[in-house]
Amino acid sequence: MTVLRSVLLFGLAALAEIGGAWLVWQGVREHRGLLWVAAGVIALGAYGFVATLQPDPHFGRILAAYGGVFVAGSLAWGMIVDKFQPDRWDYIGAALCVVGVAVIMYAPRPA
């Protein structure tokens, strides 16, 4: 149950951070205005809160592992929202990052 909770929290964190960054991008780079930027800032703040809900107590471990989630999630976001087509190197890099997440977060450790 702890691993499932952690995975779900990583997914929620990715949605908040990547979505927030995308909203800021849209507001600034695509000239959609300050409401988009403000929504992005709120979403980015929500990401910071969601990260604190992870069951592991170590900030560095959580953030390091989340980096891999962010990489894979960003490519997925680009594919779904922006119709970006990754190449094989993008897929290989994302897969390596996800393996890194699994090793960092879920490898057996002495209690």
Side-chain angles (χ1 to χ4, degrees):
M1 187 62 166
T2 302
V3 172
L4 178 60
R5 177 175 180 235
S6 175
V7 169
L8 290 173
L9 286 169
F10 275 136
L12 186 58
L15 186 63
E17 186 183 18
I18 297 164
W22 184 83
L23 287 166
V24 171
W25 179 283
Q26 293 299 307
V28 175
R29 300 266 315 235
E30 303 299 328
H31 309 289
R32 295 201 174 175
L34 289 178
L35 286 177
W36 286 71
V37 173
V41 168
I42 291 167
L44 288 165
Y47 152 72
F49 179 76
V50 170
T52 68
L53 302 175
Q54 282 287 348
D56 191 290
H58 304 288
F59 173 80
R61 181 177 293 145
I62 298 299
L63 223 51
Y66 175 69
V69 173
F70 180 81
V71 169
S74 295
L75 288 172
W77 182 281
M79 291 169 62
I80 294 165
V81 176
D82 291 329
K83 308 303 180 218
F84 169 69
Q85 185 56 50
D87 63 22
R88 68 179 170 170
W89 300 110
D90 294 320
Y91 287 116
I92 291 167
L96 290 169
C97 289
V98 171
V99 168
V101 171
V103 170
I104 291 170
M105 285 300 296
Y106 312 119
R109 290 188 166 82

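Position 1 is the first residue of the sequence, and the numbers go up from there.
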Query - Donor-acceptor pair between Glu17 and Tyr66 side chains, under 3.5 angstrom - result: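 Yes - a donor-acceptor pair under 3.5 Å links their side chains.
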Report task. Answer yes or no: is there a donor N or O on one side and an acceptor on the other, between the side chain of Asp82 and the main chain of Phe84, under 3.5 Å? Result ->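 No, because the side chain of Asp82 does not come within donor-acceptor range (under 3.5 Å) of the backbone of Phe84.
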Query - Arg5 side chain to Leu53 backbone, donor-acceptor under 3.5 Å - result: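 Present.
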Quick one: does [X]'s side chain get under 4.5 Å of [Y]'s, heavy atoms only?
X: Met105; Y: Gln54; value: yes
X: Val7; Y: Tyr106; value: yes
X: Leu9; Y: Val50; value: yes
X: Phe70; Y: Ile18; value: yes

So which heavy atom on [X] is nearest to which on [Y], and how close?
X: Val71; Y: Ala94; answer: CG1-CA, 4.4 Å
X: Gly40; Y: Leu23; answer: CA-CB, 3.6 Å
X: Val98; Y: Ala72; answer: CG2-CB, 3.8 Å
X: Val24; Y: Val37; answer: CG2-O, 3.9 Å

Do [X] and [Y] belong together in a cluster built from hydrophobic side chains that touch within less than 4.5 Å?
X: Leu44; Y: Leu12; value: no
X: Val3; Y: Phe10; value: yes
X: Val69; Y: Ile80; value: yes
X: Val101; Y: Tyr47; value: yes

Query - Leu35, CG: over 12 other non-hydrogen atoms inside 6.0 angstrom - result: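 No.
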Query raised in the report: Around atom CH2 of Trp36, are there more than 12 heavy atoms of other residues, nucleotides or ligands at under 6.0 Å?
Result: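 It does: Trp36 CH2 has more than 12 such atoms within range.
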As an exercise, state the distance from [atom1] of [X] to [atom2] of [Y], rounded to the nearest 0.5 Å.
X: Tyr91; Y: Leu96; atom1: OH; atom2: CG; answer: 15.0 Å
X: Trp77; Y: Leu15; atom1: CH2; atom2: CG; answer: 6.0 Å
X: Ile92; Y: Cys97; atom1: CD1; atom2: SG; answer: 12.0 Å
X: Asp90; Y: Met79; atom1: CG; atom2: CE; answer: 9.5 Å
X: Ile62; Y: Asp56; atom1: CD1; atom2: CG; answer: 4.5 Å

